[in-house]
> 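Have a look at this one before I ask anything.
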Amino acid sequence: MKSTLIAIACLALLAGCSSSPEPSSDPQVGTVVEFEVFGMDCPGCHGGLENLALEIPGVHSAKASWVDKKLALRVEEGAEVTDDQVHDAINRANFTAGERLK
Amino acid sequence: MKLLAVLPVVLFVLMLGFAAESSAVGISIDAGLTPPQGRWILRTQVRSMSRTAPEGTTDAAMDRIMVPLVVVHGLRPQLTLGLRQIIDSRSMTMMGQENKESGFGDLYVFAKYKILRINTRNYTLGIAPLLGVEAPTGSSGISNEFWSLNTGLFISGRAGKWGADLSLGYRFSGVAKVPADSPDPGNETGLNLALARQIPVGGSSRTALAPVLEISWASTAADKDGGIETPNSGESVFTLAPGLKYTRGDLIIEGLVRFPVSQDQKGMQMEIGNMYLLGVRHMF
């Protein structure tokens with residue numbers, strides 16, 4: 001029982017130390033593009049998709065929302081991000097892209 | 001009892017009606033959707049479980065603490081690889097004598113392959129078979145001392161904030177044994193249905209709470225020695241497990257209590273008691 005309590009305390013400590021930072025979103029930088037995304041079902045889905053979106057050259061920040069079924073990307077000034085690049089990132093995250101909203 | 005027997009079938013039919021896929025509804029079973037390419041998932045749990053001899057027989061009892069450490073990686077959008085190492089601690093009491101053993105359990109590696117994933121505005125559906133191998137790498141007294149081949153099929157569905165995961169598993173125990181002439185361990189069949197409802201918390205899409213209900217049936221065939229069933233081996237158990245999952249960004253904290261609704265052990269064996277589970281997973 002003692003070892004159970006120690007293990008639970010360790011887990012709680014780990015949980016307390018971990019937090020998910022909001023993706024950086026400087027409103028002064030670049031333009032925003034938005035896509036519908038289908039297949040996200042909980043907050044845990046955001047990180048994987050955002051990481052893949054950030055691999056697209058020119059993407060400054062990414063924010064996904066499973067509630068709104070959206071992926072918003074802030075694109076650096078002068079950079080060009082194509083729909084195909086975003087669709088590829090969404091597909092690799094095992095989701096499906098819907099319409100481009102912005 | 002009749003209602004309980006029918007319940008899993010009804011829920012299964014309902015789940016098919018949902019035609020939706022869940023990303024990781026199950027708590028006690030690693031099920032759900034295949035993760036994004038490049039994503040790492042670290043998961044650990046503390047599982048406290050017990051067994052006791054049937055009333056009026058002996059004073060035999062076993063308490064067990066299991067800590068599985070699981071690493072999962074989305075190698076490709078279709079292909080997920082995983083590894084599980086258990087740290088196991090057992091305390092066995094019989095006729096006033098206590099015997100304790102602890103150490104590493106057997107190493108388990110598995111691959112899950114996505115064969116279907118349909119994402120629509122209203123529902124998601126995913127199907128992924130699993131193949132895994134368990135190697136007798138564990139500590140003496142903890143290891144099964146045989147190789148096992150695990151096969152499984154995950155069918156996951158989502159509709160709105162509801163999710164369901166159905167896991168079917170079959171384990172070929174003892175495909176190779178150490179020593180080779182030891183008795184053949186019984187194969188295992190498992191069926192797990194996990195239902196969950198995501199509830200966004202605090203007006204943020206980054207935090208959610210999900211009540212989860214797992215309904216499980218597991219059956220282990222009797223061991224065999226020279227083709228003859230070994231006495232006092234083999235069992236089947238039907239369990240219910242309500243739980244709660246808290247998700248904040250890439251972090252998930254989960255807990256559940258699993259209790260047996262009905263169980264049938266062949267011969268003289270200890271009965272399964274409740275299991276308490278507390279876990280954490282982090283996705284990178």
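Letters A, B, ... are given to chains in the order of the sequence lines, protein chains preceding strands, and every chain is numbered from 1.
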> For the OG1 atom of B:T120 and the NZ atom of A:K69, what is their distance to the nearest 0.5 Å?
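B:T120 OG1 to A:K69 NZ: 9.0 Å, rounded to 0.5 Å.
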> Hey, what do you get for CH2 (A:W66) to NZ (B:K161), rounding to the nearest 0.5 Å?
5.5 Å
> On a heavy-atom basis, which atom in A:V67 and which in B:P200 lie closest, and how many Å separate them?
CG2-CG, 4.2 Å
> Is B:R39 in contact with chain A via its backbone, its side chain, both, or neither, using a 4.5 Å heavy-atom distance?
side chain
> If I measure from the heavy atoms of chain B, does A:N91 come under 4.5 Å with its side chain, its backbone, both, or neither?
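Contact with chain B: backbone only.
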> Select one option (side chain, backbone, both, neither) describing which atoms of A:E36 are under 4.5 Å from chain B's heavy atoms.
side chain
> Take atom CD in A:E99; do more than 12 heavy atoms of anything else shown fall under 6.0 Å from it?
no
> Kindly indicate whether the side chain of B:M283, heavy atoms from C-beta on, has any atom under 4.5 Å from the side chain of A:H46.
no
> Distance check, rounded to the nearest 0.5 Å: B:N119 atom CG versus A:N94 atom CG?
8.0 Å
> Answer yes or no: are there more than 12 heavy-atom neighbours, outside B:R76 itself, under 6.0 Å from its atom CZ?
no
> Below 4.5 Å from any heavy atom of chain A, which atoms of B:T207 appear? Answer side chain, backbone, both or neither.
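The answer is the backbone of B:T207.
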> Please find the pair of heavy atoms, one from A:G48 and one from B:P36, that lie closest to each other, and give the distance.
CA-CG, 4.0 Å
> Looking at SG of A:C42 and CD1 of B:I199, how far apart are the two atoms once the value is rounded to the nearest 0.5 Å?
13.5 Å
> Just to verify, what does B:D106 make a side-chain hydrogen bond (donor to acceptor under 3.5 Å, both in side chains) with, not counting sequence neighbours?
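For B:D106 the side-chain hydrogen bond (donor to acceptor under 3.5 Å, both in side chains) partners, ignoring immediate neighbours, are B:S143.
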> Please classify the contact of B:F284 with chain A as side chain, backbone, both or neither, using a heavy-atom distance under 4.5 Å.
backbone
> Select one option (side chain, backbone, both, neither) describing which atoms of A:N51 are under 4.5 Å from chain B's heavy atoms.
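The side chain, not the backbone.
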> Please give me the minimum heavy-atom distance between B:S205 and A:A64, naming the atom from each residue.
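That would be OG-O, 4.4 Å.
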